[in-house]
Amino acid sequence: MKITKANGKAEYALIENLKKRSEETDKKIVKRVSTIIKGVKEDGDEAVKEYTVRFDGALPKQFVVEKEELLDYLNSADPKFRSALENAKNNIYDFHQRQLQQSWMTTKENGVIMGQRVRGLGRVGIYVPGGTAAYPSSVLMNAIPAKIAGVKEIIMVTPPAKDGKPNPSIMAAAAIAGVDKVFLVGGAQAVAALAYGTEKIPKVDKIVGPGNIFVATAKRLLYGIVDIDMVAGPSEILIVADKTADPAFLAADLMSQAEHDKLASAILISTSNDLAKQTLHEIDKQIKYLDRKEIIRESLNEYGEIIVCDDVEQAIKFANELAPEHLELCVSEPLKYIGKIDNAGSVFLGNWSPEPLGDYYAGPNHVLPTSGTARFFSPLSVDSFIKKSSFIYYTCSELRAAKDDIVKLAETEGLSAHANSIKVRFE
């Protein structure tokens with residue numbers, strides 16, 4: 001990682017470099033994914049099987065995991081792992097249940113009734129990566145808000161392991177989170193099957209969850225046929241630190257995100273040049289003992305940077321421009337600045353609130369906007385799994401009182417049939 005002195009230009013050049021990671025998807029990938037989607041739409045399960053054999057080498061020994069079998073995986077899980085899942089679930093549930101909206105109705109003195117009905121989606125699909133990128137925590141983060149929202153059925157798709165069997169940790173998490181059924185299939189074909197429905201895989205209203213470039217492209221292409229959470233880009237963290245921060249903590253937190261992906265971005269912006277140098281030393285010291293050190297090195301070399309700025313206010317300004325997925329405020333008075341952070345997926349306050357706390361345990365969702373989209377997107381939440389309908393009741397006398405205004409507005413827009421719908425009731 002290089003150290004850059006902030007001057008109003010150099011630090012913002014980094015943002016432009018990061019944008020290159022999120023450029024338009026390769027046309028060859030779009031073409032391949034479009035072919036897969038078309039095949040699944042036309043041939044259903046047969047196409048799903050064909051693509052599974054082509055891309056994964058063989059069909060899984062088991063295609064469906066029913067709810068009862070999920071409980072078997074939970075009961076046979078390591079007790080400490082199960083306890084950790086349960087504790088995480090409780091924290092996630094406690095946070096998200098506060099987001100639940102209520103239906104409402106208002107009755108005016110003139111007899112007019114209006115309101116809004118809020119209810120969960122009928123069926124939601126969760127995509128969970130398999131193989132080396134198997135994240136039980138993502139199962140909890142996607143399924144628990146859906147359950148709180150009142151989603152009637154949660155279907156999960158996930159690729160099997162190389163032996164054709166489901167990942168037991170993911171199955172245990174699915175049981176705890178309340179998943180109703182799991183299909184052992186992955187890739188763009190799984191996303192297409194959820195969007196259109198096949199004889200075996202039911203059609204869903206929304207697809208959520210992370211995946212590789214083929215999964216992300218399929219979700220983007222199918223948006224409109226089905227709703228999606230977001231098209232996520234590479235993971236990213238920005239740490240704002242003053243001289244009170246611990247360089248060992250900073251190094252560890254930067255590398256915790258860099259290990260996700262070679263395209264991941266880990267940036268430190270600090271008011272102390274000495275702290276910047278000490279953090280680099282700590283990275284060299286700690287990286288030797290980490291399993292994914294090669295991925296971390298490449299990520300930090302290509303998309304990592306340490307920026308030295310004049311004060312915390314300058315760092316906050318940069319943070320709002322970057323709009324990072326994760327933002328840590330490792331400063332002496334973090335609560336002083338929370339009101340100044342306008343663009344960030346999730347904010348971690350102080351030296352004892354590292355980003356992995358949010359990934360696994362604290363309660364707020366870890367499905368967050370990336371690539372600067374925190375300027376206008378929000379984290380996954382209970383709101384992601386609900387739909388709203390409004391309703392109106394007018395009496396004859398109240399419609400009569402409003403008719404001239406409605407007719408005038410309709411005729412101004414040139415929609416005479418709209419106007420006639422009102423007029424005919426009073427002729």
CA sep, side-chain torsions, deciding dist, call: N167, V128, side-chain contact (heavy atoms from CB on, under 4.5 Å): CA-CA 11 Å; N167 181 294; V128 178; over 6 Å; no
Could you tell me whether a side-chain N or O of [X] sits under 3.5 Å from a main-chain N or O of [Y], the two making a donor and an acceptor?
X	Y	value
N142	V208	no
T370	G233	yes
Q101	D383	no
Q257	A264	no
R82	A77	no
S421	A417	no
E282	F249	no
N320	K340	yes
N343	G372	no
D43	E46	no

Set of residues satisfying side-chain contact (heavy atoms from CB on, under 4.5 Å) with respect to A173, sequence neighbours excluded: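 With neighbours one apart ignored, the set is L85, P136, V139, L140.
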From [X] [atom1] over to [Y] [atom2], what is the distance, rounded to the nearest 0.5 angstrom?
X	Y	atom1	atom2	result
K38	Y196	NZ	OH	11.0 Å
Y361	K89	OH	NZ	14.0 Å
I296	I283	CD1	CD1	9.5 Å
T4	E305	OG1	CD	3.5 Å
S389	R119	OG	CZ	3.5 Å
T279	I3	OG1	CD1	8.5 Å

[X] to [Y] - nearest heavy-atom pair and separation:
X	Y	result
P159	P129	CD-C, 4.0 Å
L327	P324	CB-CG, 4.0 Å
G122	V151	O-CG1, 4.1 Å
V226	I207	CG1-CD1, 3.9 Å
A245	N351	CA-OD1, 3.9 Å
H96	P364	CE1-C, 4.1 Å

Between [X] and [Y], is any pair of side-chain heavy atoms under 4.5 Å apart?
X	Y	result
Q62	E69	yes
Y93	K147	no
E355	D253	no
D229	F377	no
M156	I170	yes
M171	V65	yes
Y73	P166	yes
P60	T52	yes

Please test Y51 against T35 for side-chain contact (heavy atoms from CB on, under 4.5 Å), starting from the C-alpha separation and ending with a verdict. CA-CA 11 Å; Y51 291 123; T35 300; 4.1 Å; yes
Between D94 and R98, does any side-chain N to carboxylate O distance fall below 4.0 Å?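 Answer for the salt bridge query: yes.
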Ionic contact status for D180 with R123, cut-off 4.0 Å: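 No salt bridge links R123 with D180.
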Hey, are [Y] and [X] close enough side-chain-wise for a donor-acceptor pair under 3.5 Å?
X	Y	result
S235	E325	yes
T217	R32	no
S138	H366	yes

Can you tell me if [X] has over 12 outside heavy atoms packed within less than 6.0 Å of its [atom1]?
X	atom1	value
F391	CZ	yes
K67	NZ	yes
E199	CD	no
K41	NZ	no
D291	CG	no
F376	CZ	yes
Y12	OH	yes

Quick one: do E11 and Q314 satisfy side-chain contact (heavy atoms from CB on, under 4.5 Å)? Show the steps, please. CA-CA 11 Å; E11 65 270 33; Q314 186 180 16; 4.1 Å; yes
Determine the interplanar angle of the F348 and H326 rings, folded into 0 to 90°, and report it as parallel if under 30°, tilted if 30 to 60°, perpendicular if over 60°.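 It falls in the tilted class, 30° to 60°.
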Take I316 and I341 through the test side-chain contact (heavy atoms from CB on, under 4.5 Å) and record every step on the way to the result. CA-CA 7 Å; I316 296 297; I341 301 297; 3.5 Å; yes
